[in-house]
Amino acid sequence: MSRSSVTKRPTIVDVAAHAGVSTAAASKVLRGAYGVSPEMKAKVQASMKALGYRPLASARGMRGRTYTVAVVVADLHNEFSSLLVEGIRRECERQKYRLLVAPAGSGKDAQDRMVEDLIDRAMDGIVLISPLGTDAGLEELAKKIPVVVLGRHGASPEFDSVAADDFAGANLVVDHLVSLGHRQIAYVNHTTTGTNDARLPEEVRVRGYVDAMIRHGLGDAIDIIQSQWSQEGGEESGRLILSRKERPTAVFAGCDVAAFGVLTALWNAGIRVPDEISVAGFDNIFTTSLAPISMTTVDQSGLNMGSTAGRLLLERVGGRAEAVNSSVLPVLVPRGTSAAPLVEVGKG
């Protein structure tokens with residue numbers, strides 16, 4: 001295709017010429033400025049429609065709001081992240097805002113580069129899902145642009161936050177497994193390279209696991225497997241468990257995706273779940289409810305968390321200055337992958 005055959009995007013100059021008015025007058029109509037007659041407005045809008053004119057987002061940003069916000073997410077493979085994003089999208093759609101999904105990849109440097117790019121592109125606000133970094137760094141960012149932190153714990157006067165009570169959620173799982181008779185409960189944790197942020201959900205959940213084990217008098221049985229919350233990380237953890245001479249009777253993975261990996265490793269080895277080993281996850285993504293899987297997990301209402309984050313962000317964009325910290329109470333969802341451990345004949 002030659003350059004001459006490419007259709008040129010109409011400009012405000014083209015609109016003005018089509019409507020037979022000055023460029024300044026057409027621009028005033030576009031901006032909704034004071035002093036434009038109804039006749040002038042109708043004429044210019046008709047020309048915009050006839051030419052298919054759409055103002056550039058960058059130009060709108062120079063005039064004020066772009067009515068576009070972004071969500072920065074590190075892990076698009078995790079279905080729970082998709083739930084959060086969908087909740088944000090629904091709220092943005094309700095309030096006539098556009099939502100851009102910005103995959104940041106792993107690591108703080110990649111996250112920071114993505115955020116700066118979004119600021120350069122005149123976003124009205126940003127939701128950060130489980131961001132890396134310090135409170136001070138996030139507060140400095142919030143002075144540049146409205147920010148809502150989703151998933152990461154801790155309140156701040158500079159930005160809003162939405163998080164589930166991950167500590168209580170981990171307690172729920174351990175309490176459930178102990179009530180079934182389990183005493184050897186392994187926990188699959190997520191290790192973030194280069195950070196030790198106590199406010200990230202993975203750090204809060206592992207503390208909840210440890211707290212519950214100690215509370216039940218099982219401190220000596222604490223068994224934390226450092227891994228990644230991914231399908232691959234879960235499978236590796238499952239194979240590690242299978243390699244042991246003494247295996248736990250239950251495995252609690254800190255997120256559903258990792259729990260699926262554990263299940264895959266156990267099923268591939270012919271292990272009967274939950275007869276030989278019970279498995280529980282965390283997040284209650286849709287796949288956990290499918291009948292062939294029916295996985296015990298914790299529901300933290302990802303859609304509602306996302307919707308809340310979207311609403312708070314747009315309130316910030318609208319001018320609210322007071323910080324809001326929203327916490328979601330998780331609920332245990334017991335299903336078919338957890339049951340009482342088998343007791344061998346002559347034992348117990």
Side-chain angles (χ1 to χ4, degrees), residues 75 77-81 166 169-191 201-202 205-206 208-210 212-213 216 218 220-300 330 332-348:
D75 186 7
H77 290 95
N78 189 334
E79 189 179 329
F80 186 68
S81 295
D166 293 302
N171 268 222
L172 288 173
V173 176
V174 175
D175 291 350
H176 168 67
L177 294 172
V178 170
S179 73
L180 293 173
H182 294 279
R183 297 295 179 268
Q184 301 297 323
I185 303 169
Y187 178 76
V188 178
N189 194 31
H190 179 77
T191 304
E202 55 263 37
R205 289 178 197 176
V206 72
Y209 160 79
V210 170
M213 292 290 283
H216 287 290
L218 301 174
D220 291 341
I222 290 173
D223 181 9
I224 300 172
I225 300 172
Q226 298 295 353
S227 185
Q228 298 291 307
W229 283 351
S230 63
Q231 176 75 22
E232 296 78 10
E235 288 189 44
E236 290 176 4
S237 300
R239 289 192 292 269
L240 174 63
I241 289 168
L242 292 171
S243 71
R244 296 175 175 176
K245 290 183 179 180
E246 295 187 11
R247 300 170 182 168
T249 61
V251 180
F252 169 25
C255 83
D256 288 339
V257 174
F260 287 147
V262 172
L263 283 172
T264 298
L266 298 181
W267 287 336
N268 286 343
I271 300 297
R272 293 170 297 159
V273 177
D275 293 342
E276 296 179 77
I277 299 180
S278 287
V279 176
F282 200 114
D283 285 337
N284 196 31
I285 61 178
F286 172 74
T287 318
T288 61
S289 65
L290 297 179
I293 299 174
S294 186
M295 189 168 74
T296 295
T297 185
V298 171
D299 180 50
Q300 51 181 334
L332 180 75
V333 185
R335 294 194 182 106
T337 59
S338 59
L342 292 177
V343 179
E344 295 180 19
V345 177
K347 293 186 178 183

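We number each residue from 1, following the sequence as shown.
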Do side-chain atoms of Asn171 reach the backbone of Gly208 as a donor and acceptor pair under 3.5 angstrom?
yes
Check against side-chain contact (heavy atoms from CB on, under 4.5 Å), His176 and Leu172
CA-CA 6 Å; His176 168 67; Leu172 288 173; over 6 Å; no
Do the non-hydrogen side-chain atoms of Asn189 and Ile225 ever get within less than 4.5 Å of each other?
no
Which distance, rounded to the nearest 0.5 Å, do you find between the CZ of Phe252 and the CZ of Phe282?
6.0 Å
So do the side chains of Asp299 and Asp283 get within less than 4.5 Å of each other, counting heavy atoms only?
no
Looking only at heavy atoms, the pair that brings Gly270 and Glu276 closest together is O-OE2, 3.9 Å
Give, for atom CG of Asn284 and atom SG of Cys255, the distance between the pair rounded to the nearest 0.5 Å.
13.0 Å
Any heavy-atom pair between the side chains of Leu240 and Ser243 that's under 4.5 Å?
yes
Distance (rounded to the nearest 0.5 Å) between His182 NE2 and His216 NE2
12.5 Å
Separation between CZ (Arg335) and OG1 (Thr288), nearest 0.5 Å, reads 4.0 Å
Closest heavy-atom pair and its distance - Val279, Val262:
CG2-CG1, 4.2 Å
Any residue meeting side chain to side chain contact (heavy atoms under 4.5 Å, CB included) with Asp275, in chain and number order, not counting sequence neighbours:
Arg272, Leu342
Would you find a donor on one side and an acceptor on the other, under 3.5 Å apart, between the side chain of Ser278 and the backbone of Ala339?
yes
Between Ser227 and Gly233, what is the shortest heavy-atom contact and its length?
OG-O, 3.0 Å
Identified side chain to side chain contact (heavy atoms under 4.5 Å, CB included) counterpart of Thr337 within the set Thr297, Thr296, Ile277
Thr296
Please find the pair of heavy atoms, one from Val188 and one from Ala253, that lie closest to each other, and give the distance.
CB-CA, 3.9 Å
Ala186 to Pro248 - nearest heavy-atom pair and separation
CB-CG, 3.9 Å
Are side-chain heavy atoms of Met213 and Val210 found at a separation under 4.5 Å?
no
Of Glu235, Arg239, Gln231, the residue whose pairing with Thr264 passes side-chain hydrogen bond (donor to acceptor under 3.5 Å, both in side chains)
Gln231
Report yes if the side chains of Arg244 and Asp223 come closer than 4.5 Å at any heavy-atom pair, otherwise no.
yes
Taking side chain as C-beta onward, heavy atoms only, is Leu177 less than 4.5 Å from Ser338?
yes
Are any side-chain N or O atoms of Ser294 and backbone N or O atoms of Ala291, one a donor and one an acceptor, separated by less than 3.5 Å?
no
Give a yes or no on whether the backbone of Leu242 and the side-chain of Arg247 come within a donor-acceptor separation of less than 3.5 Å.
yes
Is it true that a side-chain atom of Trp229 and a backbone atom of Asn78 form a donor plus acceptor pair closer than 3.5 Å?
no
Donor-acceptor contact below 3.5 Å, side chain Arg205 vs main chain Asp166:
no
Side chains of Glu202 and Val206: does their closest heavy-atom pair fall under 4.5 Å?
no
Non-hydrogen side-chain atoms of Pro341 and Gln184 separated by less than 4.5 Å
no
Which word best sums up how the rings of Tyr187 and Tyr209 line up, parallel for under 30°, tilted for 30 to 60°, or perpendicular for over 60°?
parallel
Heavy-atom donor-acceptor pair, Asp256 side chain to Ile285 backbone, under 3.5 Å
yes
Val257 backbone acceptor or donor facing Glu79 side chain under 3.5 Å:
no
